[in-house]
Amino acid sequence: MTFYYLELKQKEIEIGKNTGSNYHRQAMVSFPREQLAEHQLSSYIPTQSDETVLVFIHALWGGAKNAHQHSLKKLSTISGIDKIISVVWHADHLFYKKAWDLSIAQGALISPLINTFVGTNQCHNFVLCHSMGHRIFEGTVKMGSSEQLRYQGVILAAADLDIDVFENNMVHLYEVPKIVIYVHQNDWLLSMSKVRHQRDRLGLNAHEHLERWQDHPNLEIIDVTYSQAGRRLKMVNHSYFKNNQMALKDLEYVINQQDAERIHTLTNRQTNFAELR
């Protein structure tokens with residue numbers, strides 16, 4: 001497994017590799033934001049046919065050295081992935097709501113890089129987003145076309161997005177073969193987000209809106225609230241995608257399309273819904 005990153009700095013964009021046991025960032029190239037060219041990512045991140053590539057978009061402050069290192073360490077335990085490409089971004093404002101409002105523009109900025117890379121390689125492409133990182137992804141989807149969004153699977157963990165985001169900026173995602181939305185009913189940070197936005201959050205309330213997706217069998221809601229492996233998690237219940245071993249195993253099953261094995265880890269199955277054991 002090899003690790004690359006695309007970092008959105010204040011005035012430039014940097015492409016590099018994560019190396020060593022501490023996933024040190026080793027820059028390969030940087031260029032001013034205004035000189036962005038759609039094929040630059042493919043030029044520096046080589047791929048081979050049939051490789052499995054995971055694009056990872058971290059949460060607010062998740063690009064900090066220790067937090068990002070921890071995420072990559074956990075994701076590296078998932079078998080079947082050949083390359084992980086991290087989108088490292090930095091909030092444009094100190095206050096949460098303003099940072100949330102502005103972050104979608106960063107996704108729109110790198111949309112040509114991400115969507116051209118995914119749309120032209122011959123890989124099995126997956127994307128995993130966490131928390132406010134979904135707003136970066138929302139920006140790439142909003143600015144892309146259905147032909148460019150050539151993902152095998154889209155995995156949304158603790159999504160800090162409005163519940164109706166699919167009807168708005170992410171309608172093209174319905175054409176992706178597999179969409180998995182992880183929900184935790186006791187996610188404290190998303191509960192605070194819900195209060196701040198005065199709107200249901202996708203990663204907190206999706207299980208209450210199943211009728212929205214009843215015509216889209218490729219989309220499923222996985223509730224991790226009662227997972228036995230998550231009982232010792234902190235009260236925040238927000239980073240379960242990497243701290244809950246069953247959630248990590250479910251990610252592995254999704255990425256490797258191991259439906260037969262996966263069915264034994266899910267319970268209370270309904271249309272578009274299941275609970276993680």
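Keep in mind it's a predicted model, so treat the numbers as computed, not measured.
Of the listed residues (I181, N168, L202, L190), just one forms a side chain to side chain contact (heavy atoms under 4.5 Å, CB included) with L161, and that residue is L202.
For the pair W89/L60, a side-chain contact is recorded, criterion being any heavy-atom separation below 4.5 Å from C-beta on. Two residues are said to be in side-chain contact when any heavy atoms from C-beta on lie closer than 4.5 Å; V55 and N125 fail this criterion. Side chains of H24 and Q69 form no contact here, defined as non-hydrogen atoms less than 4.5 Å apart. Between R25 and V88, some side-chain heavy-atom pair lies under the 4.5 Å cut-off. You'll find the side chain of L204 stays beyond 4.5 Å of the side chain of V183, heavy atoms only. In this structure, the side chains of D160 and R135 stay at 4.5 Å or more apart for every pair of heavy atoms. Using a 4.5 Å heavy-atom threshold, the side chains of E220 and K178 count as touching. When side chains are defined from C-beta on, H130 counts as touching H238, because their heavy atoms get closer than 4.5 Å.
Y96 and W61 fall within a single hydrophobic cluster, where Ile, Leu, Val, Met, Phe, Trp and Tyr side chains are chained together by heavy-atom contacts under 4.5 Å. Criterion: ILVMFWY side-chain heavy atoms under 4.5 Å apart, direct or through other members. Under it, V127 and Y5 are not part of a common hydrophobic cluster. Residues I136 and V176 share a hydrophobic cluster, clusters being chains of Ile/Leu/Val/Met/Phe/Trp/Tyr side chains in contact below 4.5 Å. Under the 4.5 Å side-chain contact rule for hydrophobic residues, V118 and L109 share a cluster. Hydrophobic clustering (ILVMFWY, side-chain heavy atoms < 4.5 Å, transitive): V87 and I104 are in distinct clusters.
Of the possible donor and acceptor atoms, one in the side chain of H134 sits under 3.5 Å from a partner among the backbone N and O of S131. Checking side-chain atoms of R33 against main-chain N and O of K9 turns up a donor-acceptor pair under 3.5 Å. A side-chain donor-acceptor contact under 3.5 Å links N256 to the backbone of S79. For the pair S30 (side chain) and I13 (backbone), a donor-acceptor distance under 3.5 Å is absent. No donor-acceptor distance shorter than 3.5 angstrom exists from the side chain of Q35 to the backbone of P32, with no hydrogens or angles considered. Formation of a donor-acceptor pair under 3.5 Å by the E51 side chain with backbone atoms of C123 is not found in this model. Checked by atom type and distance alone, the side chain of N169 never pairs as donor or acceptor with a backbone atom of V165 at under 3.5 Å. S193 contributes no side-chain N or O that, together with a main-chain N or O of L189, makes up a donor-acceptor pair within less than 3.5 Å.
Nearest heavy atoms, A157 versus Y240: C-OH, 4.1 Å. Closest non-hydrogen pair, N115 versus M143, comes out as ND2-C, 4.5 Å. Across all their heavy atoms, H93 and F95 have their closest contact at ND1-N, 3.1 Å. Taking both residues in full, the closest heavy atoms of R269 and A274 are given as CG-CB, 3.9 Å, listed atom of the first, atom of the second, then distance. Closest heavy-atom contact between G139 and S111: O-CB, 4.4 Å. Between K74 and Q245, the shortest heavy-atom contact is NZ-NE2, 4.1 Å.
In this structure, NZ on K73 lies 11.0 Å from CG on N22, to the nearest 0.5 angstrom. Atoms NZ and CD, from K17 and Q26 in turn, are 7.5 Å apart once rounded to the nearest 0.5 Å. The structure places CG of L113 at 9.0 Å from OG of S42, a figure rounded to the nearest 0.5 Å. Separating the CD atom in E14 from the CE atom in M28 is a distance of 9.5 Å, to the nearest 0.5 Å. Within the model, atoms NE2 of H70 and NZ of K242 stand 5.5 Å from one another, a figure rounded to the nearest 0.5 Å. Once rounded to the nearest 0.5 Å, the distance linking OG of S49 with NE2 of H124 reads 7.5 Å.
Within 6.0 Å of CD1 in I263 there are 12 or fewer heavy atoms belonging to other residues, nucleotides or ligands. Within 6.0 Å of the CZ atom in R196, the count of heavy atoms belonging to other residues, nucleotides or ligands does not exceed 12. Heavy-atom contacts from other residues, nucleotides or ligands closer than 6.0 Å to CD of E34 number more than 12. More than 12 heavy atoms of other shown residues, nucleotides or ligands fall within 6.0 angstrom of atom CZ in F31.
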Just distance, no hydrogens or angles: give the donor-acceptor pairs under 3.5 Å from side chains in residues 206-217, sequence neighbours left out.
unit_1 : atom_1 : unit_2 : atom_2 : d
H209   : NE2    : D200   : OD2    : 2.8
R212   : NH1    : E167   : OE2    : 2.7

V154 and V180: CA distance, side-chain angles, deciding distance, side chain to side chain contact (heavy atoms under 4.5 Å, CB included) verdict | CA-CA 6 Å; V154 172; V180 179; over 6 Å; no

Are I255 and I155 close enough, and set up right, to give a side chain to side chain contact (heavy atoms under 4.5 Å, CB included), and what steps lead you there?
-> CA-CA 9 Å; I255 289 171; I155 304 165; 4.2 Å; yes

Full working for side chain to side chain contact (heavy atoms under 4.5 Å, CB included) between H184 and T225 | CA-CA 5 Å; H184 198 301; T225 307; 4.0 Å; yes

Which is it for Q40 and V29 under the side chain to side chain contact (heavy atoms under 4.5 Å, CB included) test, yes or no, and what are the steps along the way?
-> CA-CA 9 Å; Q40 282 167 320; V29 64; over 6 Å; no

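T47 and Q122 share no donor-acceptor pair across their side chains, judged by distance under 3.5 Å alone. No side-chain donor-acceptor contact under 3.5 Å links H58 and S86. Side-chain polar atoms of H90 and E7 form a donor-acceptor pair below 3.5 angstrom.
Aromatic rings of Y182 and F241 (six-membered ring for Trp) have centroids beyond the 6.0 Å cut-off, not under it.
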